[in-house]
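Residue indices begin at 1 and follow the sequence shown. Numbering of ligands and ligand atoms starts at 1, following listing order.
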Amino acid sequence: MSHTLLYGGTFDPIHHGHLIVCQRARELLVADEVLLIPASVSPHKMVGHVKSATPAAHRLAMLRLAVENIPHFTVDPRELFRAGPSYTADTLDELRREHPNTRFTLLLGADQLPKFHTWVRVQDILAPTPLRDIAILGRPFGDKDPTITLSSGLAAVREHLGPDVAARFEEAVLPTPLIEISATDVRNRVREHLPIHYLVPPAVEAYIRTHDLYPTPGRAKG
Ligand code: ATP
């Protein structure tokens, strides 16, 4: 039976933090493949009704460039073609229907734990099945929200989803390296005309420059 890791996100843009932890997770879990699944409109990143992500076509193009030479990494764009917001539960259902004999493990960044209980059909995502599991990727939070830590994320899971789920998550934390890179930082650095070449793959950096993504506010696009 093959084993596929599912890694969802906005990927605005994909960066080396994503790639390094996925690669390590694949080794640790002895998985065959990593599917990177860009979200069309991340329901978890809405501010009011507004989601200010870069158009899906750009995020998808950057993902494809980032993985084109990485064996066992594939981009699955299905959520971009779905009407409305993309829900992980729907994606899991579809993948399981399409690949009934594949084992899937959903990779969750630890920064997603505090709000995980609000995900649509969270109990379906959690339902333990022999063909599906969850693994948690540690993450440094300094440049995002310093009030979130792995333990506060697990505490939120305990509070909202109960001690059994929290215990399961705690056991599922993978010893992946803590890479202090975020897409927010990459976007800000581009806006501030700072280098990003060790943060994203060269082809992604070239794409950002060519398409003038993340322009400095107030600067007219040429
Ligand atoms: P943003 O800064 O825009 O919020 P991001 O860097 O968190 O973006 P996403 O596309 O939102 O990137 O993240 C996709 C997944 O990757 C999430 O599960 C997130 O927790 C995880 N992730 C992102 N960066 C890292 C990192 N440096 N280390 C570990 N996990 C990460």
Check your understanding: At their closest point, which heavy atom of Arg209 faces which heavy atom of Ile196, and how far apart are they?
Key -> NH2-CG1, 3.6 Å
**Study point:** Within-shell test, Glu180 vs ligand 1, heavy atom, strictly < 4.0 Å
**Key:** no
Check your understanding: What are the atoms of ligand 1, with element, lying closer than 4.0 Å to any heavy atom of Arg187?
Key -> 3 (O)
Practice item. Group every Ile, Leu, Val, Met, Phe, Trp and Tyr by side-chain heavy-atom contacts under 4.5 Å, then state whether Ile20 and Ile70 land in the same group. Key: yes
Practice item. Would you kindly say whether Asp12 and Tyr214 are connected by a side-chain donor-acceptor distance under 3.5 Å? Key: yes
Review point. Do any nitrogen or oxygen atoms of Ala183 come within less than 3.5 Å of a nitrogen or oxygen of ligand 1?
Key: yes
Practice item. Answer with yes or no whether Ala39 contacts ligand 1, where contact means a heavy atom under 4.0 Å from a ligand atom. Key: no
Point to revise | Side chain, backbone, both or neither: the part of Leu137 lying under 4.0 Å from ligand 1 by heavy atom | key: neither
Point to revise | Under 4.0 Å to a heavy atom of Tyr7 - the qualifying atoms of ligand 1, by number | key: 15 (C), 16 (O), 21 (C), 22 (N), 30 (N), 31 (C)
Exercise for review: Would you check if there is a donor-acceptor pair between the side chains of His3 and Thr105 at a distance under 3.5 Å?
Suggested key: yes
Exercise for review: Return yes or no for this condition: an N or O of Gly8 is under 3.5 Å from an N or O of ligand 1.
Suggested key: no
Check your understanding: Should the proximity of His18 to ligand 1, defined as any heavy atom under 4.0 Å, be assigned to the side chain, the backbone, both, or neither?
Key -> side chain
Check your understanding: So is Asp111 polar-close to ligand 1, meaning N/O to N/O under 3.5 Å?
Key -> yes
Exercise for review: Flag the pair Arg103 and Asp32 as a salt bridge only when some basic side-chain nitrogen lies within less than 4.0 angstrom of an acidic carboxylate oxygen.
Suggested key: no
Exercise for review: With heavy atoms of Thr184 as the reference, note each atom of ligand 1 found under 4.0 Å away.
Suggested key: 1 (P), 2 (O), 3 (O), 4 (O)
Point to revise | Heavy-atom pair with the smallest gap, counting every atom of Ala57 and Tyr207 | key: O-OH, 4.3 Å
Point to revise | Leu113 side, atom CG; Arg158 side, atom CZ - distance, nearest 0.5 Å | key: 11.0 Å
Point to revise | Validation row, ring centre His18 to ring centre Phe11 under 6.0 Å | key: yes
Practice item. For Ser182, take its heavy atoms, then give the atoms of ligand 1 lying under 4.0 Å from any of them. Key: 2 (O), 6 (O)
Point to revise | Pairing residues for Thr91 by the side chain to side chain donor-acceptor pair (under 3.5 Å) criterion, not counting sequence neighbours | key: Glu79, Arg82
Review point. Going only through I, L, V, M, F, W and Y residues with side-chain contacts under 4.5 Å, is there a path from Leu194 to Leu213?
Key: no
Point to revise | From the candidates Ile179, Val186, Asp185, Leu199, the one that places a heavy atom nearest atom 27 (N) of ligand 1 | key: Ile179
Practice item. Take every heavy atom of Ile181, measure it against each atom of ligand 1, and state whether any distance is under 4.0 Å. Key: yes
Check your understanding: Quick one: which ligand 1 atoms are inside 4.0 Å of a heavy atom on Gly109?
Key -> 18 (O), 20 (O)
Check your understanding: Quick one: which ligand 1 atoms are inside 4.0 Å of a heavy atom on Gly9?
Key -> 10 (O), 14 (C)
